[in-house]
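What follows is a short report on a single structure.
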Amino acid sequence: MVGGLLLACVVAANFCSADPADDSKSVTRTRLERIQSLRKERPNDGALIFYEGITRIDLGDRDAAFALLRSLQGRKLGLVPVRDAGFEGVWNDPEFQKIREKLANEEPRTPDAPVAFRLGDLKLIPEGIACDPKQDRFFIGSVAQKKIVSANRKGDVKDFSKPEDNLDCVLGLFVDSAQQQLYAVSTNGFLDEAQKERRNTVVRYDLKNGLLVGRYDAPDASQLNDLTIAADGTIYATDSASGTLFRKTHADKTLTLFGAKGALPGANGITLGADGRLYVAISTGIARIDLSTGAPTRLSQPDTVVTAGCDGLYWNRGDLVGIQNVTNPGRAIRIALADQGTRISGITVLQSHHHPEFAEPTTGAIGADALYVIANSYVGHFQPNGSIKDPGQLKPTAIIAVPLKP
């Protein structure tokens with residue numbers, strides 16, 4: 001998702017859908033019922049408790065919300081309220097701040113990952129990043145400037161896409177190193193203009209000459225977000241606004257629905273394992289996708305860990321690596337898989353939320369030696385009308401190199 005643009009309604013999108021004309025309180029109560037139904041199945045699921053707290057705040061039930069958040073204390077789940085994720089109404093409440101501070105302090109601080117390089121353009125507002133190992137360079141997608149730039153480890157930046165490519169906001173990026181292709185999501189799905197004309201596209205570039213060589217529309221998508229590419233060239237892309245997966249095979253001209261619409265609430269990061277399995281980050285954790293039907297199965301996990309709220313999701317040496325920015329101000333985690341990728345056995349925090357550069361971290365790219373994370377995207381400053389809120393608060397983008405511990 002794109003930071004503050006969607007964080008404020010993330011829980012609503014994750015647990016129920018409604019017509020904009022519906023009564024907001026009625027929608028929120030429906031959301032609460034859905035969360036409570038899930039809690040009957042998983043009563044100790046920390047993410048569900050956290051989401052119920054957000055929902056009760058939305059309903060004005062402060063005491064019940066605070067009681068739920070207090071029940072998370074001592075569990076050390078890495079659940080730390082984020083202001084723009086539903087806590088605005090109580091953010092200045094002294095009692096809430098005490099609860100939040102305790103939850104934040106319970107997460108052990110990891111060493112601060114070094115800054116690999118910085119991007120000087122304060123108004124870039126990057127969301128997606130990909131690594132080209134053959135030329136040791138990075139591609140970064142700009143939400144605000146609707147373009148793709150390339151950068152080296154010295155921070156030298158130049159435009160990669162061209163104005164005539166007619167890109168919308170650029171989100172997920174993927175480098176197919178074997179075929180020397182760059183794929184990117186281009187969308188206006190979260191802008192006001194989408195109410196008149198909605199555009200969702202995956203574009204493909206030839207890295208040998210930098211030319212745009214493919215453009216694949218997703219006419220039924222609401223807001224494409226991230227993508228991954230299979231060895232045979234099949235494109236898989238998540239639609240965060242509708243909680244849906246889209247696919248384009250080699251024979252297809254467009255991306256079409258893969259599986260049931262809305263089957264992946266909160267669909268965001270997506271990755272293919274070396275074993276060919278497809279994983280998608282959803283609101284409550286990680287789902288594995290049946291590649292014959294598109295049907296998802298949420299991976300079971302112990303109640304001692306939380307994998308909800310991942311933006312970026314990546315495969316690395318038999319595990320998954322995720323960047324959380326909804327249930328936590330921002331942290332990178334290694335997600336250990338077990339039983340042939342059918343369940344999660346635990347997590348390791350690679351970078352805790354304490355990093356001084358963190359300000360709405362979004363996605364990362366796995367290089368030879370580290371996970372390169374966009375530490376301060378400032379996506380929450382980008383507004384649906386295309387403007388940037390409080391530009392004076394922005395600092396140069398820091399790309400940090402998080403060590404990938406086994």
Would you find a donor on one side and an acceptor on the other, under 3.5 Å apart, between the side chain of Glu357 and the backbone of Ala375?
no

Taking Asn200's backbone N and O only, do any of them form a donor-acceptor pair with Thr187's side chain (distance below 3.5 Å, no angle check)?
no

Using a 3.5 Å distance criterion without hydrogens, assess whether the side chain of Thr271 forms a donor-acceptor pair with backbone atoms of Trp315.
yes

Salt bridge check: are Glu95 and Arg62 linked by an N-O gap of less than 4.0 Å?
no

Distance alone, cut at 3.5 Å: any donor-acceptor contact between the side chains of Tyr51 and Arg39?
no

If the threshold is 4.0 Å, N to carboxylate O, is there a salt bridge linking Asp275 and Arg277?
yes

Would you please name every residue forming a side-chain contact (heavy atoms from CB on, under 4.5 Å) with Glu106, sequence neighbours left out?
Gln73, Lys76, Lys102, Leu103

Whether the side chain of Asn105 engages the backbone of Glu101 through a donor-acceptor N/O pair (distance < 3.5 Å, no angle test) should be reported.
yes

Between Gln383 (side chain only) and His381 (backbone N and O only), is there a donor and an acceptor less than 3.5 Å apart?
yes

Can you check ring pair (Phe, Tyr, Trp, His ring centres under 6.0 Å) on Tyr183 and Tyr236, steps first, answer last?
CA-CA 11 Å; Tyr183 294 80; Tyr236 297 97; over 10 Å; no

List the steps and the verdict of side chain to side chain contact (heavy atoms under 4.5 Å, CB included) for Ser186 and Arg199.
CA-CA 8 Å; Ser186 169; Arg199 296 184 297 274; over 6 Å; no

Contacts of type side-chain contact (heavy atoms from CB on, under 4.5 Å), residue Lys253, not counting sequence neighbours:
none

So CD1 of Ile286 and CD1 of Ile335: to nearest 0.5 Å the spacing works out to 4.5 Å

Scan Ile289, Leu272, Leu337 and name whichever one has a side-chain contact (heavy atoms from CB on, under 4.5 Å) with Tyr279.
Leu337

Give a yes-or-no answer on whether the side chains of Ser242 and Asp239 include a donor-acceptor pair shorter than 3.5 Å.
yes

With a 6.0 Å cut-off on ring centres, are Phe117 and Phe138 close enough?
yes

Yes or no on salt bridge (charged side-chain N to carboxylate O under 4.0 Å, His left out) for Lys208 and Asp206, after CA distance, side-chain angles and deciding distance?
CA-CA 5 Å; Lys208 296 185 288 292; Asp206 187 332; 3.4 Å; yes

Run through His355, Gln351, His353 and flag the one making a side-chain hydrogen bond (donor to acceptor under 3.5 Å, both in side chains) with Thr110.
Gln351

Residue list, side-chain contact (heavy atoms from CB on, under 4.5 Å) with Thr256, at least two apart or on another chain:
Thr254

Kindly say whether Phe160 contributes a backbone atom to a donor-acceptor pair with the side chain of Tyr205 at under 3.5 angstrom?
no

Under 3.5 Å, side chain of Arg334 to main-chain N/O of Thr348, donor-acceptor pair present?
no

Answer yes or no: are there more than 12 heavy-atom neighbours, outside Glu164 itself, under 6.0 Å from its atom CD?
yes

Quick one: does any side-chain atom of Asp252 pair with a main-chain N or O of Arg247 as donor and acceptor, under 3.5 Å?
no

Under a 3.5 Å cutoff, is there a donor and acceptor pairing between the side chains of Asn385 and Asp192?
no

What do you reckon, are the aromatic ring centroids of Tyr314 and Phe174 less than 6.0 Å apart?
no

Is the backbone of Leu48 close enough, under 3.5 Å, to the side chain of Asp45 for a donor and an acceptor to pair up by distance?
yes

Would you say NZ of Lys261 has more than 12 non-hydrogen atoms from neighbouring residues, nucleotides or ligands within 6.0 angstrom?
no

Between Asn328 (side chain) and Gly330 (backbone), is there a donor-acceptor pair under 3.5 Å?
yes

